[in-house]
Number of protein chains: 2
Amino acid sequence: MDRLDRKILRLLQEDSTLAVADLAKKVGLSTTPCWRRIQKMEEDGVIRKRVALLDPVKINTKVTVFVSIRTNSHSTEWLKRFSEVIVEFPEVVEFYRMSGEVDYLLRVVVPDIGAYDAFYKRMIARIEIRDVSSAFAMEQIKYTTELPLDYMVVDNQKSGDD
Amino acid sequence: MDRLDRKILRLLQEDSTLAVADLAKKVGLSTTPCWRRIQKMEEDGVIRKRVALLDPVKINTKVTVFVSIRTNSHSTEWLKRFSEVIVEFPEVVEFYRMSGEVDYLLRVVVPDIGAYDAFYKRMIARIEIRDVSSAFAMEQIKYTTELPLDYMVVDNQKSGDD
DNA sequence: TCCCCTAAGAAATTTAATTCCCTCATACAC
DNA sequence: GTGTATGAGGGAATTAAATTTCTTAGGGGA
């Protein structure tokens with residue numbers, strides 16, 4: 001992967017509807033080699049997938065809640081089941097195992113506080129958890145699916161900084 | 001918006017490379033009306049954009065850090081500048097204003113702990129913050145851009161449950 | 001020097017998106 | 001009841017884009 005690939009990724013992270021020909025023009029290639037680079041990055045799994053992003057307000061999921069979960073160092077079995085249960089809630093859009101105080105952190109999206117309460121009840125009905133604490137986001141100031149490409153490892157045969 | 005639109009959104013949230021003809025078959029329409037529904041939802045902003053999602057490991061940003069920030073109830077000016085500074089870091093992929101103990105929460109992606117430290121130094125060099133605490137994610141168990149469509153408001157003339 | 005390998009590009013071909021035009025059903029006015 | 005406007009669906013033609021094929025140029029290594 002070189003700086004051209006990086007340029008391509010930068011553009012596709014922003015807008016994947018760009019025609020290959022336009023993309024090629026922007027990165028300074030003709031369509032064929034540009035197309036082949038994209039194919040290769042898809043095969044290699046650098047490009048995982050292409051998706052449509054929806055407007056949370058229009059879809060009625062404008063409220064984000066961060067849920068911090070502490071457990072009593074349960075069995076491996078419990079942990080497995082816990083993950084399985086949590087993952088299948090569509091409201092849980094992110095789910096991390098953490099170091100430090102909190103054991104797990106969830107990002108949950110719902111229409112309003114009431115819906116969050118309903119979600120919370122459904123969750124604790126399905127699995128026993130020692131300690132849960134919820135923090136509400138008042139405003140989403142930034143949300144992007146674009147990963148920084150500055151750390152990417154590139155061939156620097158003919159270096160460049162795009 | 002009705003259940004057909006919802007079905008379309010469900011599919012496009014998963015994979016936006018689906019050909020309109022295939023999509024149409026799956027939702028039980030022919031291509032023309034299906035295409036028109038997609039156009040309309042793009043115009044209406046329900047579909048915000050289409051993007052490529054990259055593999056964080058291959059891009060060398062596998063570490064997620066949640067950064068909790070407390071401020072001393074600063075001036076509006078300070079808050080404005082704070083947001084502007086934070087937003088422009090490409091490592092900050094999410095940024096929320098919170099209720100409760102913590103004032104702001106960031107999700108930051110970097111290659112490793114060392115890179116996080118470098119990011120942290122760059123951040124505090126650019127803006128004064130009272131209290132910062134960092135929590136590292138050991139594992140990303142779930143991450144999806146798919147919003148739950150169950151809360152969407154739909155015309156239920158001819159009801160259905162897809 | 002010659003050959004091989006890799007990447008680029010032009011042109012042809014295939015496939016998919018988009019438009020055009022027609023039909024049907026519902027609703028509302030007269 | 002009849003006429004008509006409106007909105008949604010579908011088939012076929014058209015346009016645009018993706019994909020393939022074939023050809024060319026550069027850069028080592030034998």
Side-chain angles (χ1 to χ4, degrees), chain A residues 1-55 58-59 145 149 152-162, chain B residues 1-55 58-59 145 149 152-162:
Chain A
M1 294 213 291
D2 61 8
R3 66 199 191 76
L4 288 179
D5 290 315
R6 178 152 63 184
K7 232 173 176 176
I8 291 170
L9 291 177
R10 199 184 300 289
L11 291 162
L12 287 180
Q13 279 201 112
E14 275 183 30
D15 179 6
S16 66
T17 65
L18 264 172
V20 179
D22 297 346
L23 196 52
K25 199 172 304 170
K26 282 178 198 269
V27 304
L29 270 178
S30 67
T31 79
T32 308
C34 182
W35 180 83
R36 278 195 288 242
R37 280 164 180 267
I38 297 167
Q39 291 305 308
K40 177 138 198 325
M41 292 193 286
E42 283 176 344
E43 276 170 31
D44 294 350
V46 175
I47 297 173
R48 272 203 309 126
K49 60 197 306 207
R50 291 151 183 263
V51 302
L53 300 183
L54 310 186
D55 181 330
K58 304 238 163 71
I59 283 314
T145 55
L149 298 176
M152 224 174 102
V153 181
V154 295
D155 277 353
N156 264 346
Q157 296 313 91
K158 42 192 172 182
S159 182
D161 50 10
D162 317 285
Chain B
M1 293 215 292
D2 61 9
R3 67 200 189 75
L4 288 179
D5 289 316
R6 177 152 63 185
K7 234 172 175 175
I8 292 170
L9 291 177
R10 199 183 300 288
L11 292 162
L12 287 181
Q13 279 201 112
E14 276 184 30
D15 180 4
S16 67
T17 66
L18 263 172
V20 178
D22 297 345
L23 195 52
K25 200 172 303 170
K26 283 180 199 268
V27 305
L29 271 177
S30 66
T31 79
T32 307
C34 183
W35 181 83
R36 279 194 288 241
R37 281 165 179 267
I38 296 168
Q39 290 305 307
K40 179 141 197 324
M41 292 193 285
E42 282 176 345
E43 276 170 30
D44 294 351
V46 175
I47 297 173
R48 273 201 310 125
K49 60 196 309 203
R50 290 152 183 263
V51 302
L53 300 183
L54 309 186
D55 182 330
K58 305 236 163 72
I59 284 314
T145 56
L149 298 176
M152 224 174 100
V153 180
V154 296
D155 277 353
N156 264 347
Q157 296 311 93
K158 41 189 173 183
S159 183
D161 49 11
D162 317 282

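Numbered from 1 within each chain, the chains take letters A, B, ... in sequence-line order.
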Between CG on residue B:Leu12 and CG on residue B:Asp5, distance to nearest 0.5 Å
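CG of B:Asp5 is found 11.0 Å from CG of B:Leu12.
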Take atom [atom1] of [X] and atom [atom2] of [N], then tell me their distance rounded to the nearest Å.
{"X": "B:Lys40", "N": "C:dT18", "atom1": "NZ", "atom2": "C1'", "answer": "19 Å"}
{"X": "B:Gln39", "N": "D:dA8", "atom1": "CD", "atom2": "C1'", "answer": "16 Å"}
{"X": "B:Met1", "N": "D:dG7", "atom1": "CE", "atom2": "C1'", "answer": "18 Å"}
{"X": "B:Trp35", "N": "D:dA17", "atom1": "CH2", "atom2": "C1'", "answer": "15 Å"}
{"X": "B:Met41", "N": "D:dA8", "atom1": "CE", "atom2": "P", "answer": "13 Å"}
{"X": "A:Leu12", "N": "D:dA18", "atom1": "CG", "atom2": "C1'", "answer": "14 Å"}
{"X": "B:Asp155", "N": "D:dG7", "atom1": "CG", "atom2": "P", "answer": "14 Å"}
{"X": "B:Asp5", "N": "D:dA8", "atom1": "CG", "atom2": "P", "answer": "10 Å"}

Looking at every non-hydrogen atom in both residues, tell me the closest pair between [X] and [Y] and how far apart they are.
{"X": "A:Ile8", "Y": "A:Val27", "answer": "CG1-CG1, 3.9 Å"}
{"X": "B:Met152", "Y": "B:Arg6", "answer": "CE-CB, 4.0 Å"}
{"X": "A:Lys58", "Y": "B:Asp44", "answer": "NZ-O, 3.2 Å"}

Does any residue of residues 17-32 of chain B have a heavy atom under 4.0 Å from DNA chain D, and if so, which ones, in number order?
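Listed by number, they are B:Leu29, B:Ser30, B:Thr32.
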Select one nucleotide: of C:dA8, D:dG10, C:dT19, the one nearest the side-chain heavy atoms of A:Leu4.
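Nearest to the side-chain atoms of A:Leu4, counting from C-beta on, is C:dA8.
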Options D:dC22, D:dT19, D:dG10, nucleotide nearest the side-chain atoms of B:Pro33
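Looking only at heavy atoms from C-beta outward on B:Pro33, the closest nucleotide is D:dG10.
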Taking C-beta and beyond as the side chain, do B:Leu54 and A:Ile47 meet within less than 4.5 Å on heavy atoms?
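Side chain of B:Leu54 against side chain of A:Ile47, heavy atoms only: contact under 4.5 Å found.
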After noting the C-alpha distance and the side-chain angles of A:Ile38 and A:Leu23, does the key distance pass the side-chain contact (heavy atoms from CB on, under 4.5 Å) rule?
CA-CA 10 Å; A:Ile38 297 167; A:Leu23 196 52; 3.5 Å; yes
On the side chain of A:Arg36, is there an atom forming a donor-acceptor pair with the base of C:dA7 - under 3.5 Å, no angle test?
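Donor-acceptor pair under 3.5 Å: no.
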For A:Glu42, run the side chain to side chain donor-acceptor pair (under 3.5 Å) check against A:Arg50, A:Arg48, A:Lys49 and tell me which one passes.
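Of A:Arg50, A:Arg48, A:Lys49, side chain to side chain donor-acceptor pair (under 3.5 Å) with A:Glu42 is met by A:Arg50 alone.
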